[in-house]
Structure formats: C-alpha cells, structure tokens
Amino acid sequence: MNREMIQARKALLAGRETEKNLPYYLRALAGSYYRMAFYNLAMRYTTFAEAVKEGLQQTDERTEAYAAQLKKQLAALLAEQAAPEELKEAIDALFVMRGEITVLMQALTAYTDKLYLHEYALKRLAPAMEDTTEDIDNYAALEELESYLFRDEEQKISYDCLSFLVSELPVRMTKGKFMEWVRSMASAAYKDADAEGLHRAFYMLYSTAGLYEPEGMEQFPEYAEVLQYFSFVDYRNMTEEQYRDAKERLEKVTKRISSDVEVYFSLIEIVNSLLMLFFTVSYAMPQEVEQTEGCRQVLRLLLRKEPYTEEEIAEAFASFEGEPEELDEFLAEEKAYLDELPVKEEMISALMQKELYTRVRYAGLLHTDSVFVELEKNERQQEGFKESLEAFCTRLSEVLENGQRAVNRARMAQVMQMLPMPFTKKSEVQKYILAALENCHDMSEKTAALREIRKLAEEMW
C-alpha cells in the first residue's frame with residue numbers, strides 16, 4: 001500500500017503538519033476508495049447481469065427501468081467524457097434511485113414480516129393437517145430442551161438459543177402478562193438509549209410485530225391482495241383443503257417477494273458502487289486508473305452487443321485477482337483511523353478540504369456491509385423512551401385485542417424474541433419451559449414447536 005499515505009496518517013494522528021498531511025492523506029484515501037469502487041462495481045454488475053441472463057433473478061418493468069438507467073450510467077463512465085456538471089447530475093440521479101429502492105425494500109420487508117406471522121400460524125397446524133403429530137411427554141421435552149440450552153460444564157444459559165427457544169415454544173400467556181413482560185424488558189433494554197438507538201429498537205419491535213406500515217407498500221398491490229386473503233383465514237376452524245390452499249399461496253408469495261428482494265438488493269449494491277466511484281473519480285491518480293483497467297474491460301464485455309465468452313470475462317478478472325481482498329482489508333483499517341483524526345471541521349474548512357473530506361466519508365459509508373446506510377444522519381424528532389414505549393404498547397394491545405388467537409401468538413412470540421430474557425437462573429428457565437409445555441394442550445402446536453427448535457439445534461451443533 002501507499003507508504004507515504006500511511007506516514008501522512010501517522011503524522012495527522014500525532015498532530016504534526018496538518019496543513020500538508022491532511023490534503024495528501026485525503027487524496028490518497030480517495031484514490032484507494034476509487035479502486036475499491038471499481039473492483040466492487042465489476043464484481044457486482046457481473047453477478048447481476050449473469051443472474052438475469054441465466055434466469056436466476058426475475059426482473060419486471062420497474063426493475064428493468066432501473067437496470068437500464070444504471071447501464072446508461074456505466075456507458076457514460078466508460079466513455080470517460082463526463083464534465084463536472086454531468087458528474088453532479090449523475091450523482092443526483094443515483095441518490096434519487098437509491099432513495100426509491102430503499103423505500104421499495106422497506107415495503108417488501110414489511111410484507112415479509114406480516115406474512116411471517118401467518119407462516120408461523122400455519123406451521124403450528126401442519127402436524128395435525130399432515131397427520132404427523134407426535135405424542136409429546138412434557139418432562140422428556142424439557143430434558144431435551146435443556147440439553148440445547150446448557151451445553152457447557154458450568155451449565156451457563158445460552159441466551160441466543162434461549163431467545164429463539166422462547167419464541168418457538170407455545171405462547172401461553174395472558175395479554176396482560178405479556179404486556180407486562182414487554183414493558184419490563186423494553187425498559188431494561190432501551191430506557192437509557194439515545195435517539196438513534198431508540199429509533200432502531202422500536203423500528204425492530206414494530207417490524208417483527210407486523211405493525212410497521214412504511215410508504216411504498218401501495219406499489220405492490222399483488223402482495224397487499226395476498227395479505228388481505230390471510231386476514232380472513234379462520235385458523236381455528238380450518239379444513240385440510242383450506243390449509244393446503246393457504247400454504248400454497250404463502251409459498252408462492254414468499255418466493256416472489258424473495259425474488260424481488262434479491263433484485264433490488266443487487267441494484268442498490270451497484271448504485272452504491274457507482275456513487276462511491278463518482279465521489280472519488282476526480283481524485284484518482286494515473287496509476288490508480290491503470291490498476292482498474294481490468295474492471296473497465298469486464299464492464300465493456302458486459303455492455304457490448306456481441307455475446308462475450310467465459311474465457312474473456314475470466315481473463316479480465318484475472319488482471320486484478322487478489323487486489324480487492326487486500327485493498328478491502330487496508331480500507332477497513334484506514335476507516336477506523338479516519339474517524340480518529342484529531343482534525344476539527346473548522347480546520348478542514350479552513351484548509352479548503354471540506355468537499356474532499358465529505359466525499360471520502362461518503363465513500364467509507366458506502367463501502368460497508370449495510371447497503372442501506374444513511375449518508376447523512378437525520379436529526380430525528382424522536383419521542384422519549386416512555387412516549388415511544390406507550391405508543392408501541394397501545395398499538396400492540398389494539399391489534400392483539402382484535403386479532404385471531406393463532407396470529408396473536410405468532411406476534412407475541414416475535415416480540416418476545418426481540419427483547420431480553422428475564423431469566424437469571426437455570427430453575428427459572430426450567431419453570432418457564434415446563435409451564436409453556438403443560439399449558440399447551442394442542443399436540444400439533446407442541447409438535448411443531450419442538451421440530452423448529454430441533455432444526456435450529458442441528459444447524460448450531
């Protein structure tokens with residue numbers, strides 16, 4: 001890696017010659033992000049293009065329109081003739097697209113959360129409907145579940161496993177007791193959280209409870225129609241024919257939503273790479289442009305009208321083999337150092353490095369595992385913890401009051417999994433498990449719960 005860049009960073013951390021070292025360090029870091037953006041773009045666009053070509057990802061009119069816009073942006077990038085004002089227009093257009101796709105993904109997530117409650121309810125009916133119900137002995141089941149929870153010699157509780165186990169066990173709790181649990185555990189976890197932490201925590205609670213209603217849901221009327229169908233399903237008096245119909249509908253819609261999510265996720269990854277590239281392209285040095293020629297060749301092959309061969313793609317990728325992994329590791333370290341620089345905003349502005357610093361910071365944010373990361377922190381008008389908790393509990397109580405028992409239990413189970421467990425002793429866990437098993441007289445539900453827990457145990461151990 002750039003030895004002079006590292007020396008400049010060390011000097012900045014030590015507070016030496018900031019006027020000279022800051023511009024150099026930021027420009028060098030921008031160049032590294034430029035290379036990383038090109039590597040990511042080549043890999044991500046290849047994955048997307050080949051998945052669509054082979055039918056592994058299904059596009060529709062809306063996603064094809066986004067793909068066409070991105071293809072146009074890529075063609076302009078390869079032409080390397082964009083003036084500064086055209087580059088700004090390209091960045092603005094990508095920001096708009098990123099915002100639109102984020103809205104659509106939030107809507108798809110909301111549909112997924114709501115439909116999962118019905119999947120949970122159907123799974124509890126499955127053993128009875130498919131004639132695979134087991135004769136569960138409560139004490140034998142308790143012993144089996146303990147073997148998953150207490151696996152070390154000191155018999156310490158595995159809280160990750162416990163959280164899942166509680167969410168899968170039959171929920172046999174009155175509404176009042178459940179709401180008391182929610183208030184108590186939410187207070188223990190979130191009462192001292194800052195505005196950002198509260199926003200994130202209650203977003204997750206609303207989502208997993210199937211209560212989140214983001215904008216954009218109206219753009220998927222076909223999923224709204226399926227959700228409407230399930231709102232009229234009578235789980236208590238369901239026939240085998242109705243069960244099979246509901247299961248088939250759920251499997252189909254789940255598959256379609258998963259397909260949509262994959263396409264939009266791929267598109268936003270490409271958008272992020274292009275944004276990262278456009279933020280840093282003005283600062284790329286000749287050697288960095290040369291190092292990314294193989295990426296351009298990959299994109300040229302994908303965009304040309306004539307079919308490309310696997311050998312051509314492989315040869316283009318071979319020209320920068322190993323470089324993305326090495327650079328990614330380097331940038332992870334530099335991102336941490338950048339956040340620690342003892343340089344205030346006033347000094348950055350005085351040295352006329354505000355734009356470069358902002359672009360480098362954006363590039364760093366875009367190069368994370370969180371593809372929907374906010375580039376600018378929103379000043380959230382967040383209510384305090386008590387107001388947030390009361391609003392959530394009021395909404396949750398209303399839904400539980402009017403919902404079907406099977407769906408209510410699914411909703412309660414999901415919320416419980418999101419909150420800390422109140423148990424501190426092995427005996428408390430044993431008591432809860434045994435009560436859940438003994439108070440459930442529906443052998444189909446009990447069978448389904450144990451099967452889900454066994455499935456997790458097989459995956460974990």
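Given the structure is predicted, the values throughout are model-derived calculations rather than measurements. When reading the values below, keep in mind they use all heavy atoms of this one structure, side chains included, and skip hydrogens, waters and symmetry mates.
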Describe, in one word, how the ring planes of [X] and [Y] are oriented to each other, choosing from parallel (under 30°), tilted (30 to 60°) and perpendicular (over 60°).
| X | Y | value |
| --- | --- | --- |
| Y223 | F220 | parallel |
| F385 | F202 | tilted |
| Y203 | H199 | parallel |

What I want to check is whether the side chains of [X] and [Y] have a donor and an acceptor closer together than 3.5 Å.
| X | Y | result |
| --- | --- | --- |
| Y357 | R361 | no |
| R256 | Q58 | no |
| R411 | Y116 | no |
| N40 | Y45 | no |
| K175 | N408 | no |
| D328 | H367 | yes |
| Y25 | E334 | yes |
| S259 | Q57 | no |

On the ring face of [Y], is [X] found with NZ or CZ under 6.0 Å from the centre and within 45° of the axis?
| X | Y | value |
| --- | --- | --- |
| R35 | Y33 | no |
| R395 | Y206 | no |
| R9 | Y337 | yes |

Subject >> Ring centroid separation Y432 to F423 under 6.0 Å >> reply: yes

Original post:
Minimum heavy-atom separation for S282 to L87, with atom names?
Top reply: OG-CD2, 4.0 Å

**OP:** Using ring-ring contact (aromatic ring centres under 6.0 Å, His included) as the criterion, list what pairs up with F279, not counting sequence neighbours.
**Re:** Y362

**OP:** List for me each residue that meets ring-ring contact (aromatic ring centres under 6.0 Å, His included) alongside Y66, sequence neighbours excluded, and say none if there are none.
**Re:** none

Looking only at atom types and distance, does a side-chain atom of [X] sit under 3.5 Å from a main-chain N or O of [Y], one as donor and one as acceptor?
| X | Y | value |
| --- | --- | --- |
| T63 | T59 | no |
| S167 | Q417 | no |
| R27 | Y283 | no |
| E144 | A140 | no |

Subject >> Derivation of the salt bridge (charged side-chain N to carboxylate O under 4.0 Å, His left out) call for R172 and E445 >> reply: CA-CA 12 Å; R172 291 299 183 269; E445 182 179 359; 2.6 Å; yes

Mark yes when over 12 heavy atoms from residues, nucleotides or ligands other than [X] sit less than 6.0 Å from its [atom1]; otherwise mark no.
| X | atom1 | answer |
| --- | --- | --- |
| E428 | CD | yes |
| E54 | CD | yes |
| E225 | CD | no |
| E345 | CD | no |
| E215 | CD | no |

**OP:** Could I get the full list of side-chain contact (heavy atoms from CB on, under 4.5 Å) partners for T239, not counting sequence neighbours?
**Re:** E241, Q242

Original post:
Run the salt bridge (charged side-chain N to carboxylate O under 4.0 Å, His left out) check on R244 and E248 step by step: do they pass?
Top reply: CA-CA 6 Å; R244 287 193 296 271; E248 184 179 350; over 6 Å; no

